Amino acid sequence: MDGRRYSFLLVALALVFISMGASLAQGQGKAGNNKKAPYDAASTHYEVLKPSKKGQEKFLCLARGACNGKHLTCPSQCPERKPKKNKKNKGCFVDCSSKCEVTCKWRKPNCNGYGSLCYDPRFVGGDGVMFYFHGAKGGNFAIEGLGSRDYTWVQALAVMFDRHTLVLAAKRVSQWDDSFEALIVRWDGEEVNVPTDGDAEWRATDSDEREVVIERTDETNGVKVTVAGLVELNVKVRAIGEEENKVHNYQLPANDAFAHLETQFKFTNLTDLVEGVLGKTYQPDYISPVKRGVPMPMMGGEDNYQTPSLYSPVCKACKFKGQVDFASI
């Protein structure tokens, strides 16, 4: 090894599987007075202060660098990080890294943005190129997908890192109702309840030094997941509507709304060796092989990323080792 500190992450989907290798550039010191654990991202290293008289949230940046000690205030267009009406109001995103800024963004996946995974399933890679990846029909990629046609959706994903596994999945529902919670969250095999009041977030208490936070971005069926130093995910559960079913001629059964996940990934400190269906598109010299200008550009390589199950890290191209003993990697 070259002496650098490495961590491995694997994101596995019920239909498609992604393996990622991530390098951590932060120090190895323990958490201290104004220092967060070494895995915590500088962008979210801040202290929440008393809001302004107009209700705009304020923050004191604690991250090392030029932004250390700076005060940031949410703009009037998005005065809160977690607005109660997420569908109508943008949230305030605080970045205490070298950017040292606050911006207004929608708290939901952008299906046309970098690192997105939506629809049947359609990716937008780190290179900005859109492609489809359907996996192997009848194989382990399609654990809960529709088997009689070539239409498939992501039913669940598992984020594996260190010695932990975080699973997000969509419940099977016969008729869709926005007020019904169709999102399932499991941490190391145990189902967890993400609160709907207060900060509306759940934090792992047994994730060693790495901060793991799941916060609601909507009253139901929408969350943002942060695994510090590795990845952020915006996840939303949605169904195939009647009109969408007719337009695309999916011919779905009347007793299944086909609730599925829409996801957008943001990876932290990826190495040049990053792999996976989505991961390889972040390689610095990557050139997409998909045919552009066609309605459905397809990405192959199923054999490289197929695993025995959603919880298995084993595939031909997977780098994940499922351990934090860096000396043995």
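Basis for what follows: all heavy atoms, side chains included, without hydrogens, waters or symmetry-related copies. Note that the structure is a prediction, hence the values are computed from the model and not measured.
- Between Thr220 and Ser179, every side-chain heavy-atom pair lies at or beyond the 4.5 Å cut-off.
- Take Lys58 and apply the salt bridge (Lys or Arg N to Asp or Glu O under 4.0 Å) test, not counting sequence neighbours, and it matches no residue.
- Under the 4.5 Å side-chain criterion, counting only non-hydrogen atoms from C-beta, Met299 is in contact with Pro289.
- Using a 4.5 Å heavy-atom cutoff, the side chains of Met130 and Arg292 are not in contact.
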side-chain contact (heavy atoms from CB on, under 4.5 Å) between Lys108 and Thr217: does it pass, once the steps are laid out? CA-CA 7 Å; Lys108 59 184 180 181; Thr217 56; 5.6 Å; no
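- The environment of CD in Gln175 is sparse: at most 12 heavy-atom neighbours from other residues, nucleotides or ligands sit within 6.0 Å.
- The hydrophobic cluster containing Trp176 does not contain Ile184, counting ILVMFWY residues as joined when their side-chain heavy atoms lie under 4.5 angstrom apart, directly or transitively.
- Residues Leu278 and Val290 share a single hydrophobic cluster, defined by chaining ILVMFWY side chains whose heavy atoms lie under 4.5 Å apart.
- Contact record, Asp127 with Tyr114: C-CE2, 4.0 Å, taken as the closest heavy-atom pair.
- A salt bridge does not link Glu57 with Lys82: none of the charged nitrogens is closer than 4.0 Å to a carboxylate oxygen.
- Residue pairs meeting the ring-ring contact (aromatic ring centres under 6.0 Å, His included) criterion with at least one partner in residues 55-76, sequence neighbours excluded, are Tyr46-Phe59.
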Output, in order, the C-alpha distance, side-chain angles, deciding distance and verdict of side-chain contact (heavy atoms from CB on, under 4.5 Å) for Gln155 and His260. CA-CA 5 Å; Gln155 302 292 314; His260 61 282; 4.0 Å; yes
Could you walk me through whether Arg216 and Glu201 pass side-chain contact (heavy atoms from CB on, under 4.5 Å), step by step? CA-CA 6 Å; Arg216 288 194 180 273; Glu201 65 180 30; over 6 Å; no
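- Listed by chain and residue number, His164 satisfy the side-chain hydrogen bond (donor to acceptor under 3.5 Å, both in side chains) test with Asp188 (two or more places apart in sequence, or in another chain).
- Between Met296 atom CE and Lys291 atom NZ the span is 14.5 Å, to the nearest 0.5 Å.
- By the salt bridge (Lys or Arg N to Asp or Glu O under 4.0 Å) test, Glu80 is found to be paired with no residue, residues two or more places apart in sequence or in another chain being considered.
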Report the C-alpha distance between Val223 and Leu183 in whole Å, list the side-chain angles of each, state the deciding distance to 0.1 Å, and finish with yes or no for side-chain contact (heavy atoms from CB on, under 4.5 Å). CA-CA 9 Å; Val223 294; Leu183 176 66; 3.7 Å; yes
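- In this structure, Asp178 CG and Arg238 CZ are separated by 11.0 Å, a value rounded to the nearest 0.5 Å.
- In this structure, the side chain of Arg210 engages the main chain of Ala228 through a donor-acceptor pair within 3.5 Å.
- The shortest heavy-atom contact between Asn110 and Ser116 is O-CB, 3.3 Å.
- Of all heavy-atom pairs between Gly69 and Leu60, the closest is O-CD1, 3.5 Å.
- Using a cutoff of 4.0 Å between basic side-chain nitrogens and carboxylate oxygens, Arg81 and Glu215 are not scored as salt-bridged.
- When all heavy atoms are compared, the tightest approach of Ala239 to Ala257 is CB-O, 3.4 Å.
- Between the side chain of Asn221 and the backbone N or O of Glu181, no donor-acceptor pair lies under 3.5 Å.
- Pro109 is not listed as a side-chain neighbour of Thr263, based on a closest heavy-atom distance of 4.5 Å or more.
- Considering every non-hydrogen atom in both Ala200 and Val194, the closest pair reads O-CG1, 4.1 Å.
- Distance SG/Cys100 to NZ/Lys70: 5.0 Å, rounded to 0.5 Å.
- Put simply, Val48 and Val213 are part of two different groups of oily side chains (I, L, V, M, F, W, Y) that touch within less than 4.5 Å, one to the next.
- Not a single salt bridge (Lys or Arg N to Asp or Glu O under 4.0 Å) links Arg186 to another residue, sequence neighbours left out.
- Rounding to the nearest 0.5 angstrom, the gap separating the OH atom in Tyr282 from the CG atom in Asp272 is 14.5 Å.
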Go through it in stages, so that I can follow the logic: the residues are Cys104 and Cys92, the test is disulfide (SG to SG under 2.5 Å), and I'd like the CA-CA distance, side-chain angles, deciding distance and then a yes or no. CA-CA 5 Å; Cys104 296; Cys92 174; over 6 Å; no
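- Under a cut-off of 6.0 angstrom, the local environment of NZ in Lys99 is sparse, with at most 12 non-hydrogen atoms contributed by other residues, nucleotides or ligands.
- Here Thr196 contributes atom OG1 and Asp218 contributes atom CG; the two are 12.0 Å apart, rounded to the nearest 0.5 Å.
- With values rounded to the nearest 0.5 angstrom, Leu168 atom CG is found 5.0 Å from Leu166 atom CG.
- Within the 4.5 Å cutoff, the side chain of Trp187 has no heavy atoms near those of the Val185 side chain.
- No donor-acceptor pair under 3.5 Å is formed between the side chain of Thr226 and the backbone N or O of Glu232.
- Counting all heavy atoms, side chain and backbone alike, Arg107 lies closest to Pro83 at CD-CD, 3.8 Å.
- Taken together through direct or relayed side-chain contacts under 4.5 Å among Ile, Leu, Val, Met, Phe, Trp and Tyr, Phe93 and Phe265 form parts of separate hydrophobic clusters.
- When hydrophobic clusters are built by joining Ile, Leu, Val, Met, Phe, Trp and Tyr residues whose side-chain heavy atoms come closer than 4.5 Å, directly or via intermediates, Val154 is grouped together with Val173.
- For the pair Leu49/Glu47, a side-chain contact is recorded, criterion being any heavy-atom separation below 4.5 Å from C-beta on.
- The main-chain N or O of Ser174 is never found under 3.5 Å from a side-chain atom of Asp256 such that the two would form a donor-acceptor pair.
- You'll find the side chain of Leu117 stays beyond 4.5 Å of the side chain of Leu157, heavy atoms only.
- No side-chain heavy atom of Ser76 sits less than 4.5 Å from a side-chain heavy atom of Lys54.
- With sequence neighbours excluded, the residues forming a side chain to side chain contact (heavy atoms under 4.5 Å, CB included) with Cys61 are Cys67, Leu72, Cys96, listed by chain and number.
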